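One structure is given below, represented as structure tokens, and several questions about it will come after.
The model shown is predicted, which means the values in this text are computed figures rather than measured ones. Sequence positions, counted from 1, serve as the residue numbers for this chain.
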Amino acid sequence: MAKCVSCGAELEDGAKFCTVCGAKQEIGNTQQNAQTQSNTQNASQQNSAQDSVVNAFASFNDTPDSTAEFDPADIEKNRVMAILSYLSWLVLIPIFAAPNSKYARFHANQGLVLAIAEVIWGVAYTIISAVVGVIFGLIGLGLLAGLIIALLSLISLAFFIISIIGIVNAANGKAKQLPLIGKFVLLK
């Protein structure tokens, strides 16, 4: 039985048009029909994998949004200050340059928490890397030590992703908490 070259529906051999979508068919080209069906299935699997990644990210970034509590004029005026909050220690600029902006202060708090978490992770990573390197190096498992250290460095990627999320929220005028660290308040 032949398959439609457009939608993949089953057709009688020799059909000139698809009975489902109406697409013109090439008579006798069952190999092309099989390839089209295979391509359709592959695309479906890829879309399914992309959907699961998007859903995982959406649940990771499903944090409280308090944008309605902020004055739209304050948001518009201090959007750049809010963006600066997520660029490591540039968080100090909005802390001192816009101390009366509730919107800039919200993002400065999150940026400060993120910067402090990055420093704490940097110190912990250095200590863990040194200990793992020495211990595994002494017992002849230097390659395993390198692998463990490389995997630990992926946590730094998480800080980068969280920073990008904060920048996007600030640029879009949203006051959403950051994933994992957004609940901590250092600045009022």
Asn169 side-chain N/O to Lys174 backbone N/O, donor-acceptor pair under 3.5 Å: no

Heavy-atom pair of closest approach, residues Arg79 and Ala170: CG-O, 3.2 Å

Smallest separation among heavy atoms of Glu118 and Ser88, with atom names: OE1-OG, 4.2 Å

Distance, nearest 0.5 Å, that separates CG of Leu147 from CG of Leu141: 11.5 Å

Shortest non-hydrogen separation from Ala175 to Asp65 and the atoms involved: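 That closest heavy-atom pairing would be O-OD1, 3.5 Å.
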
Joint hydrophobic cluster, Val119 plus Phe160, side-chain heavy atoms closer than 4.5 Å: yes

Nearest non-hydrogen partners of Lys24 and Val5, listed with the distance: O-CG2, 3.8 Å

Connected via hydrophobic side-chain network under 4.5 Å: Phe17 and Leu11: no

Co-membership, hydrophobic cluster, residues Ile93 and Ile75, 4.5 Å side-chain: no

CA sep, side-chain torsions, deciding dist, call: Ile181, Leu178, side-chain contact (heavy atoms from CB on, under 4.5 Å): CA-CA 6 Å; Ile181 63 170; Leu178 290 176; 4.0 Å; yes

Criterion side-chain contact (heavy atoms from CB on, under 4.5 Å) on Leu114 and Ser163, from CA distance to verdict: CA-CA 8 Å; Leu114 182 61; Ser163 179; 3.8 Å; yes

Exercise: identify the closest heavy-atom pair between Leu84 and Pro94: CB-CD, 4.2 Å

Within one Ile-Leu-Val-Met-Phe-Trp-Tyr cluster: Leu186 and Tyr86, side-chain cutoff 4.5 Å: yes

Between CZ on residue Phe70 and CG on residue Asn78, distance to nearest 0.5 Å: 11.0 Å

N/O donor-acceptor pair under 3.5 Å between Asp74 side chain and Lys102 backbone: yes

Working for side-chain contact (heavy atoms from CB on, under 4.5 Å), residues Ser85 and Phe106: CA-CA 9 Å; Ser85 298; Phe106 172 84; over 6 Å; no

Candidate pair Gln25 and Cys4, rule side-chain contact (heavy atoms from CB on, under 4.5 Å), full reasoning: CA-CA 7 Å; Gln25 305 298 305; Cys4 173; 3.3 Å; yes

Pairwise side-chain contact, Arg105 with Ile95, heavy-atom cut-off 4.5 Å (strictly under): yes

Within one Ile-Leu-Val-Met-Phe-Trp-Tyr cluster: Val185 and Leu187, side-chain cutoff 4.5 Å: no

Contact check, side chains of Ser6 and Cys18, non-hydrogen atoms, under 4.5 Å: no

From Gln177 atom CD to Ile165 atom CD1, the distance as rounded to the nearest 0.5 Å: 13.0 Å

Trp121 and Tyr125 aromatic ring geometry - parallel, tilted or perpendicular at 30°/60° bounds: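 It falls in the tilted class, 30° to 60°.
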
From CG (Leu112) to CG (Leu92), nearest 0.5 Å: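 Leu112 atom CG to Leu92 atom CG measures 7.5 Å (nearest 0.5 Å).
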
Inter-residue atom distance Ser66.OG - Tyr103.OH, 0.5 Å rounding: 10.0 Å

Minimum heavy-atom distance Met81-Ala104, with the two atoms named: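 Met81 and Ala104 have their closest heavy atoms at CB-CB, 4.1 Å.
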
Other residues, nucleotides, ligands: >12 heavy atoms within 6.0 Å of Leu143 CG: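 At most 12 heavy atoms, drawn from other residues, nucleotides or ligands, come within 6.0 Å of this atom.
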
Between CD1 on residue Ile167 and CD1 on residue Ile162, distance to nearest 0.5 Å: 12.5 Å

